[in-house]
2 protein chains.
Amino acid sequence: MISIAIVEDNDQFRLGLESIILGQKDLLLLASFEDAEKAITALPKMNVDIVISDISLPGMRGTELILRLNQKMPHTQFMVCSIHDDDDTIFETLKCGASGYILKDPITADEIIRSIHDLYNGGAPMSPYIAKKVISTFQKPTSKSPQSVLSVRENEVLELLSKGLLYKEIANKMGVSHETVKKHLKNIYQKLHVNNKIEALNKFKLL
Amino acid sequence: MISIAIVEDNDQFRLGLESIILGQKDLLLLASFEDAEKAITALPKMNVDIVISDISLPGMRGTELILRLNQKMPHTQFMVCSIHDDDDTIFETLKCGASGYILKDPITADEIIRSIHDLYNGGAPMSPYIAKKVISTFQKPTSKSPQSVLSVRENEVLELLSKGLLYKEIANKMGVSHETVKKHLKNIYQKLHVNNKIEALNKFKLL
DNA sequence: GTTAGTATTCCCCGAAAGGGGTATTGTTTG
DNA sequence: CAAACAATACCCCTTTCGGGGAATACTAAC
């Protein structure tokens, strides 16, 4: 049995969510709030598995709500259901600790139920559009970025270095001598105008 | 009609994938490769919507394959289907340009078909476990994360360390001796179970 | 009021990293 | 073809780190 709480100011959507949850035998609707204030005082006293929240709430943003609740309720998972699909809102929400983000616009009762189960089982339910945005942040800025000043081999060295490996471990992985790794690092430092590993990695990540 | 190519060295799994795709009226299996070499020469000449690839391939890693194909085939989407669930492999794959990552272990024909459609429609299909890992990288290091075990002073040290400062420079900034900084670092390493600066910063998410 | 944790300083020692060279082998590119 | 560069490997030397202690002082908790 999965216990659930809702925070949603739009009456129509909240009632819709409630009826969806009430219609499932393995879902238990423990509470339903119209605003963040009531939620933030009542929820920490309850033992809820999952909180489904809106982002635009009267008084407090959903991100703020999740951030605060997250600290008080370490065992509770948070999922946002919102109309907002802009980068700022999405990533701010994730940073605040939400483990799911689904868009209201194209959503079915079935998807909501699947998302709840997914979240409960350690997953991170996202609408396709959200998932795409999230994954896109990992994509390498291919060709011409600051990497371009570094050779292929030098990039490999930095990549391994960023994992915390020692010179000799990097040398093993790359199949070269420890001295070669050292030489690569020397050249990298010259090219990036830095003097140690951490400075190099900082420059590397930001170019 | 969605045109698809497969790169998978495991005969059983490749045949399984093929039959799943052949069984769908709106999916068209254009090619199926057992190794990366053949794929990398043949695929750029074909007009494929989606490439489903393994990671562990004979000769070349799937990440390398995707990276190279990605540059030559800007309109093709790549999805990985692998048994690997370690952070390194997952994020390396995403960096190389894959827009989907599903795990072989718990997978059904239905999920594969859904993933293909999702990908074709601009989504980013991920197994729940993968989605969770991806989303976790955005989480702010709040309450119960590595920071909580570190003292205020230790946090200050790490903060300065992340800028690439030397022990003696940190000591100056903090108004303590170089040996004190060293001692703080020793304690930090013990608490975080690491052995050097970069590993510590990685745990701390500061790098 | 003793125990636990933090902050501070110091010692020794060996390993790792950084800076200065030099040199060979390819590859690329005017 | 020469010049430039990437990759490889080695030398010497100094500095920085990391791990092992030990000691003092303060604070908080039990």
Side-chain angles (χ1 to χ4, degrees), chain A residues 140 142-205 207, chain B residues 40 60-61 64 67-68 71-72 141 143-207:
Chain A
K140 276 178 184 165
T142 43
S143 42
K144 66 154 191 310
S145 58
Q147 268 107 325
S148 59
V149 297
L150 300 184
S151 72
V152 176
R153 219 54 176 155
E154 287 164 352
N155 270 280
E156 289 175 30
V157 171
L158 270 192
E159 191 63 40
L160 293 171
L161 194 70
S162 74
K163 302 192 201 303
L165 301 187
L166 303 177
Y167 286 5
K168 56 182 179 189
E169 292 171 332
I170 295 173
N172 277 337
K173 286 227 174 197
M174 292 179 64
V176 299
S177 108
H178 146 265
E179 287 291 341
T180 303
V181 174
K182 221 169 118 180
K183 178 64 173 170
H184 283 313
L185 260 301
K186 277 187 218 177
N187 293 334
I188 291 169
Y189 293 167
Q190 280 196 353
K191 288 182 179 178
L192 299 183
H193 309 293
V194 297
N195 307 302
N196 64 54
K197 300 190 280 189
I198 295 178
E199 283 179 356
L201 289 175
N202 282 333
K203 282 231 173 177
F204 181 67
K205 303 260 164 171
L207 36 182
Chain B
I40 213 161
M60 185 187 301
R61 283 215 101 200
E64 174 77 13
L67 185 62
R68 292 214 224 161
Q71 292 165 340
K72 297 180 190 170
S143 46
K144 65 167 189 303
S145 57
Q147 267 104 330
S148 57
V149 299
L150 300 185
S151 71
V152 177
R153 215 59 172 154
E154 287 164 352
N155 270 280
E156 290 175 31
V157 172
L158 268 192
E159 187 63 40
L160 293 171
L161 194 69
S162 75
K163 302 193 198 305
L165 301 187
L166 302 176
Y167 287 4
K168 58 183 180 187
E169 293 170 331
I170 295 173
N172 277 337
K173 287 227 177 198
M174 293 178 64
V176 298
S177 109
H178 145 266
E179 287 290 339
T180 304
V181 175
K182 216 169 125 181
K183 178 62 175 170
H184 283 313
L185 260 301
K186 280 186 216 177
N187 292 334
I188 289 170
Y189 293 167
Q190 280 198 351
K191 288 182 179 178
L192 299 183
H193 309 294
V194 297
N195 306 302
N196 62 53
K197 299 189 281 189
I198 294 179
E199 284 179 358
L201 291 175
N202 278 334
K203 283 234 172 180
F204 207 65
K205 296 250 184 273
L206 280 181
L207 214 95

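What you see is a predicted model; the values in this text were computed from it and never measured. All heavy atoms count here, side chains included; hydrogens, waters and symmetry mates do not.
Of the residues in residues 171-180 of chain A, not one places a heavy atom less than 4.0 Å from an atom of DNA chain C.
The salt bridge (Lys or Arg N to Asp or Glu O under 4.0 Å) test applied to A/Glu199 returns no partner, not counting sequence neighbours. The side-chain hydrogen bond (donor to acceptor under 3.5 Å, both in side chains) test applied to B/Lys191 returns B/Glu154, not counting sequence neighbours. Applying the salt bridge (Lys or Arg N to Asp or Glu O under 4.0 Å) criterion to A/Arg153, with sequence neighbours excluded, gives A/Glu156. The side chain to side chain contact (heavy atoms under 4.5 Å, CB included) check on B/Lys197 picks up A/Ile198, B/Leu161, B/Tyr167, B/Tyr189, with sequence neighbours excluded.
Residues A/Ala200 and A/Leu158 approach most closely at CB-CD2, 4.3 Å, considering heavy atoms. In terms of heavy-atom proximity, A/Gly164 sits nearest to B/Asn202 at N-ND2, 4.3 Å.
Summarising the geometry, atom CD belonging to A/Glu159 is positioned 9.5 Å from atom CG belonging to A/Leu201; distances are rounded to the nearest 0.5 Å. The CG atom of B/Asn155 sits 7.5 Å away from atom CD1 of B/Ile188, with the distance rounded to the nearest 0.5 Å. The CG atom of B/Asn187 sits 8.0 Å away from the OG atom of B/Ser151 when rounded to the nearest 0.5 Å.
Mapped onto DNA chain C by nearest heavy atom, A/Leu165 and B/Arg153 fall at different nucleotides, with B/Arg153 at the one closer to the 5' end. Mapping B/Lys183 and B/Asn196 onto DNA chain D via the closest heavy atom, the residue that lands nearer the 5' end is B/Asn196.
Among the protein residues, B/Lys182 comes within range of the nucleic acid bases, having at least one heavy atom under 4.0 Å from a base atom. Nucleic acid contact for B/Asn195: sugar-phosphate only, since backbone atoms but no base atoms lie under 4.0 Å from a heavy atom of the residue.
The footprint of chain A on DNA chain D, defined by a heavy-atom cutoff below 4.0 Å, extends from D/dA6 to D/dC12. Bounding nucleotides for the chain A contact on DNA chain C, 5' to 3', at a heavy-atom distance below 4.0 Å, are C/dA16 to C/dT22.
Across the helix from C/dG1-D/dC30 to C/dG30-D/dC1, the helix axis at one end is tilted relative to the axis at the other end by 50° (nearest 10 degrees, each axis from five pairs).
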Show me, pair by pair, the donor-acceptor contacts under 3.5 angstrom made by side chains of residues 168-178 of chain B, not counting sequence neighbours?
| unit_1 | atom_1 | unit_2 | atom_2 | d |
| --- | --- | --- | --- | --- |
| B/Glu169 | OE1 | B/Leu166 | N | 2.7 |
| B/Ser177 | OG | B/Glu179 | N | 2.9 |
| B/Ser177 | OG | B/Thr180 | N | 3.3 |

